[in-house]
Amino acid sequence: MDLGLSGARVMVTGGAANIGRGIVRGFVAEGARVMIADRDRDQLDRTAEDLYASGVPTDRILLSDADLVEPGAAVAVVAAMEDAWGGVDALVNNAGWSVPNFLLKDTDRSRWQRLVDVNLFATIECTQAVLPLMQRQGRGSIVMIASDAAFGQLRQGVYGATKAAQVALARTVAKEFGRDGVRCNVVCPGLVVPESAEEIGAESLWSGAEIFDEAQVASIEKSLPLRRLTSATDIADTVVFLSSELRSRQTTGQILSVSGGFVMP
Ligand SMILES: NC(=O)c1ccc[n+]([C@@H]2O[C@H](COP(=O)([O-])OP(=O)(O)OC[C@H]3O[C@@H](n4cnc5c(N)ncnc54)[C@H](O)[C@@H]3O)[C@@H](O)[C@H]2O)c1
């Protein structure tokens, strides 16, 4: 199926690790141009080298190691895309952070503040940065990478609250900017464990801390209707499809859980 994404100008936040890296690969496979925005410089460079080694022309990739939590960072990344490519056709708000904890154990504000900063503030700023451009273009797609935790899961109180906020933000964008040809949808990934150490850098939420042990992962897998774990490619396929003006032109304000059926929103 032709998705009409050849040459499309796409921004993927947190695009150097795990899910974001898979999303970048998905767009590149469709011939899109991708701005990979990830504050982990080493992992960013590794990701770009892998893409070039697989034959992707260097002029199809832009890199930014800006910390998207910093005020003005998102505007600068979008300006760099406008300078190089003249606009932005799609934004994927994927950068995120999560460390599971029971709510009453999550009392260290500096820790949960980071969740709010990365998952929500950076998402708001990136979204606000692309919208005027998309309005002028009369088209554009934004996809939020939220989580099944948005619907309330154990040990995911603060994290889930930031992800539920992304859902509300997406629906507001869909309602306020639909008249400008801008679509905004939400993808909720199931558990996506990095396939290898190369998929993540030091800034990844998977680096250092054990998020889920083997028994927990096996138990999640067994509990899913489809009885298999989700991969970064599974997420990428859905995100790329939703970003296609050609194939998803009438889809906006929607939530898709790509999780083997873990939740059915
Ligand atoms: N992996 C999962 O099981 C899972 C499940 C549901 C939802 N999600 C969501 O999917 C997204 C990606 O998850 P992942 O597992 O690939 O995470 P990850 O931690 O492996 O990768 C996230 C990337 O974002 C970058 N990043 C973080 N903060 C940033 C900032 N302020 N500025 C720029 N870059 C920043 C990191 O450097 C990292 O490379 C997140 O939003 C996460 O909440 C993941």
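For ligands, and for the atoms within them, numbers begin at 1 and follow the listed sequence.
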Part of C188 within contact of ligand 1 (heavy atoms, under 4.0 Å)
neither
Atom 22 (C) of ligand 1 [closest protein heavy-atom partner, distance rounded to 0.1 Å]
G96 O, 4.1 Å
What I want to find out is whether R9 reaches E82 closely enough, with some N-O distance under 4.0 Å, to be called a salt bridge.
no
Counting from 1, what ligand 1 atoms have a heavy atom of I145 closer than 4.0 Å?
9 (C), 10 (O), 11 (C), 41 (O)
When only distance counts, is A37 in polar contact with ligand 1, meaning an N/O pair under 3.5 Å?
no
Which atom of D148 lies closest to which atom of S257, heavy atoms considered
OD1-OG, 2.9 Å
If I take atom CE from residue M1 and atom OG from residue S244, how far apart are they, to the nearest 0.5 angstrom?
8.5 Å
Under 4.5 Å between side-chain heavy atoms, counting indirect links through other Ile/Leu/Val/Met/Phe/Trp/Tyr residues: same cluster for I255 and V187 or not?
no
Closest heavy-atom contact between A80 and M35?
CB-CE, 4.1 Å
For atom 38 (C) of ligand 1, which protein heavy atom lies nearest, and how many Å away is it?
D38 OD2, 3.4 Å
Is N119 close to ligand 1, meaning an N/O of one under 3.5 Å from an N/O of the other?
no
Look at atom 40 (C) of ligand 1 and say which protein heavy atom is nearest, naming residue and atom and giving the distance to 0.1 Å.
N94 O, 3.2 Å
Quick check against the 3.5 Å criterion: does S231 have a side-chain atom that pairs as donor or acceptor with the backbone of D234?
yes
Among V77, I142, V182, side-chain contact (heavy atoms from CB on, under 4.5 Å) partner for V130
I142
Does a donor on one side chain sit under 3.5 Å from an acceptor on the other, for T123 and N93?
no
Per-atom contacts of ligand 1 with L191, taking only distances under 4.0 Å to non-hydrogen atoms
3 (O)
Closest contact, heavy atoms only, V12 versus F27
CG2-CD1, 4.3 Å
In the structure I gave you, are the side-chain heavy atoms of I36 and S64 within less than 4.5 Å of one another anywhere?
no
For M144 against Q166, the heavy-atom pair lying closest together:
CG-O, 4.0 Å
For G14, counting its heavy atoms only, list the atoms of ligand 1 lying under 4.0 Å from any of them.
23 (C), 24 (O), 25 (C)
Could you tell me if the side chain of W97 sits less than 4.5 Å from the side chain of T162, heavy atoms only?
no
Atom indices of ligand 1, in the order listed, that fall short of 4.0 Å to a heavy atom of S147:
6 (C), 7 (C)
Shortest protein contact, atom 31 (N) of ligand 1 (heavy atom only)
D67 OD1, 2.8 Å
Starting from atom 21 (O) of ligand 1, find the nearest protein heavy-atom neighbour and note its residue, name and distance.
A17 CB, 3.5 Å
Is the backbone N or O of R155 less than 3.5 Å from a side-chain atom of N101, with the two atoms forming a donor-acceptor pair by type?
no
Quick one: which ligand 1 atoms are inside 4.0 Å of a heavy atom on L68?
30 (C), 31 (N), 32 (N), 33 (C)
Taking N or O atoms only and a 3.5 Å limit, does K163 qualify as a polar contact for ligand 1?
yes
Quick one: does L3's side chain get under 4.5 Å of L246's, heavy atoms only?
no
Geometric N/O contact V118 with ligand 1, under 3.5 angstrom:
no
Which residue and non-hydrogen atom of the protein lie closest to atom 34 (N) of ligand 1, and at what distance in Å?
R39 N, 3.2 Å
Using a strict 4.0 Å cut-off to heavy atoms of V192, name the atoms of ligand 1 that fall inside it.
1 (N), 2 (C), 3 (O)
Between S207 and ligand 1, find which residue part has any heavy-atom pair under 4.0 Å and reply side chain, backbone, both or neither.
neither
At their closest point, which heavy atom of P194 faces which heavy atom of I200, and how far apart are they?
CG-CG2, 3.7 Å
Which option, Y159, F212, W97, owns the non-hydrogen atom nearest atom 42 (C) of ligand 1?
Y159
Report the member of A66, P194, S204 with the shortest heavy-atom distance to atom 18 (P) of ligand 1.
S204
Atom indices of ligand 1 within 4.0 angstrom of W206 heavy atoms, with elements:
1 (N), 2 (C), 3 (O), 15 (O), 20 (O)
With the threshold set at under 4.0 angstrom, would you say A73 reaches ligand 1 through any of its heavy atoms?
no
Test of proximity, A16 against ligand 1: N or O pairs below 3.5 Å
no
Measure the distance from atom 16 (O) of ligand 1 to every protein heavy atom, then report the residue, atom name and distance (to 0.1 Å) of the closest one.
I19 N, 3.0 Å
Show the nearest heavy-atom pair for residues T47 and R21, with the distance to one decimal.
OG1-NE, 2.9 Å
Against heavy atoms of L205, which atoms of ligand 1 measure under 4.0 Å?
17 (O), 18 (P), 19 (O)
What protein heavy atom is closest to atom 5 (C) of ligand 1, reported as residue, atom name and distance in Å?
G190 O, 3.3 Å
Of the side chain and backbone of P189, name the one, both, or neither that has a heavy atom under 4.0 Å from an atom of ligand 1.
both
Contact between T13 and ligand 1, counting heavy atoms under 4.0 Å?
no
